[in-house]
**Student:** 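Sharing a structure, written as structure tokens. Questions coming.
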Amino acid sequence: MSDFESVIGLEIHAQVSSKTKMFCSCDNDSFGKAPNSNVCPICMGFPGMLPVPNEEAIEKGIKAAMALGCEILTHSKFDRKNYFYPDLPFGFQISQFDEPVSLKGEVEILINGEKKKIGITRLHLENDAGKLTHTGSDTLLDYNRSGTPLMEIVSEPDLRSATEAKEYAESIQKILRYVGSSDCDMEKGMMRFDASVSIRKRGDQNLNPRAEIKNLNSFRSLEAAINYEIKRQIKLWESGDPLSIEQTVGWDDDRGTTQVMRTKESAADYRYFPEPDIPELSIEPQQIESWRKEVPELPLKKYERFLQTFQLQEQEARFYSEDSALADYFEQVAEATNAKSANSFVGTILIKALKDKNLSIIDSPVSSAQMIQLIQLIESGKVSNNLAKGDLFNWMMETGQDPERIVEEKGMTQVSDTSRIQAFCETALKENPQAAEDLKNGKMKAMGSLVGAVMKASKGQANPQLVNETLKQLLGL
Ligand code: ZN
Ligand code: MN
């Protein structure tokens, strides 16, 4: 084990999934739009513009903060964070400084099957800047993103490795999606990370100067950048020249290295002051309580409940609890039927079919109610297991029709009529004399090919259990 311990905290910026931008009525979905086509004087920072806070964004931000166990402040305000950058036409960002919407929360994450608590310092709301594209000696500006509502979630320095940081970031993604506060689509830049990394001798309690790695936009680069930064700092320490001041560094994905950009700015450098164009935010306690009721069960809780209630493997419980729509679907089916059938029909058959069609669970042609019907048709002996999992299910995926209707229209009902089964079996024995002989001599393997022959002749509709019994009877076994 290394002599050093790494101390890591994350700042996560996540785009709030509101209809409009943070302070104007521009569409909050700029994806694929022509550059600078989704802007107005407010989000372009024109002189005299008057920002109006977006109620939906505030509600979604506060619900996210609740899911992160944060204390919600009934009084908060927006502040100007002053800095110059070409993608920020205002010359300042509207953010929240000393009175954010929420403070002091806590999230539990699973590390090697053990729960670990990660402190949340705060969640505040702010607007995003535009986008710069450097091409050769030119720089292009697209302000479509300008004014996009963001939640900034700051953690305590409670993380001890790149793996923990990644697990924490993934947990936050799941939670924000569950609550419906952000889609967290990394490919569309809806979630980004800044990681503060410092090291200390194992056993020490002090915090040493840190490096902040800016703007990591994938889980993979988050993990790689932290690992690189830890190694760099250990090397500096061992060469007798540890970090003495805080640094801001950038991650170069192609080269796999961090580069020092500047010494880190402190709050005083930003000359924060209350945003004079926006009145202080005051939220009624009743409003807060009614929002709290809408915060759903969180992924880790659901995971644990699924493990217990449905006796799933850890892997399976994790898979279902990853996505709240999938979790709901699975739970509805498991409750109406049983966990074993639900696991097989939802976890294996449906998921595979959806993947083949490139559909998500919300767009599934087979509803959970239809899935329940399908499983009940097998349990009541109306259709055979094989037919249900094969032709019948495929037809449901194609048409979205109720299984009962398909069974009736396509004549898929299982044959349990003993005289018809007997006829099928007699033919099978006659046509497969060798297998019949083997079975008589106690070679039970031969049973499989005889049952197979009957199933084929009956187009999968014979009740396999009856076929089994009838074959034995006919052979006097
Ligand atoms: Zn606008
Ligand atoms: Mn920020």
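Just follow the structure's listing: the first ligand is 1, and inside any ligand the first atom is 1. Everything quoted here is computed from the prediction, not taken from an experiment. All values below come from the heavy atoms of this structure, side chains included, with hydrogens, waters and symmetry mates left out.
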**Student:** Just checking Y329 against Y320, ring centres under 6.0 Å apart?
**Tutor:**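 That pair fails the under 6.0 Å test.
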
**Student:** With respect to I109, which candidate in K115, E114, K116 satisfies the side-chain contact (heavy atoms from CB on, under 4.5 Å) definition?
**Tutor:**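 Of all the options given, the one that passes is K116.
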
**Student:** Please name the atom of E152, limited to N, O or S, that comes nearest to the Mn ion (ligand 2).
**Tutor:**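 Nearest to the Mn ion (ligand 2) within E152's N, O and S set: OE1.
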
**Student:** Are any N, O or S atoms from H13 nearer to the Mn ion (ligand 2) than 2.8 Å?
**Tutor:**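 It does: H13 brings an N, O or S atom closer than 2.8 Å to the Mn ion (ligand 2).
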
**Student:** From the options F273, Y270, Y272, F92, select the one residue that forms a ring-ring contact (aromatic ring centres under 6.0 Å, His included) with F97.
**Tutor:**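 The ring-ring contact (aromatic ring centres under 6.0 Å, His included) with F97 is passed solely by Y272 among F273, Y270, Y272, F92.
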
**Student:** Check the pair E212 / R210 against salt bridge (charged side-chain N to carboxylate O under 4.0 Å, His left out), numbers first and verdict last.
**Tutor:** CA-CA 6 Å; E212 189 180 26; R210 61 196 163 126; 5.3 Å; no

**Student:** Output, in order, the C-alpha distance, side-chain angles, deciding distance and verdict of side-chain contact (heavy atoms from CB on, under 4.5 Å) for S221 and Y228.
**Tutor:** CA-CA 10 Å; S221 53; Y228 177 87; over 6 Å; no

**Student:** Could you grab the protein N, O or S atoms closer than 2.8 Å to the Zn ion (ligand 1) for me?
**Tutor:**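 Checking every protein N, O and S atom gives C24 SG, C26 SG, C40 SG, C43 SG.
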
**Student:** Could you grab the distance from atom CG of L125 to atom CD of E152, nearest 0.5 Å is fine?
**Tutor:**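 Reported to 0.5 Å precision, the distance equals 10.5 Å.
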
**Student:** What is the ring orientation for F330 with F310, classed by angle as parallel under 30°, tilted 30 to 60°, or perpendicular over 60°?
**Tutor:**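 Ring orientation of F330 relative to F310: perpendicular.
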
**Student:** Which atom name would you report as the N, O or S atom of E126 nearest the Mn ion (ligand 2)?
**Tutor:**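 The Mn ion (ligand 2) is closest to the E126 atom OE2, counting only N, O or S.
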
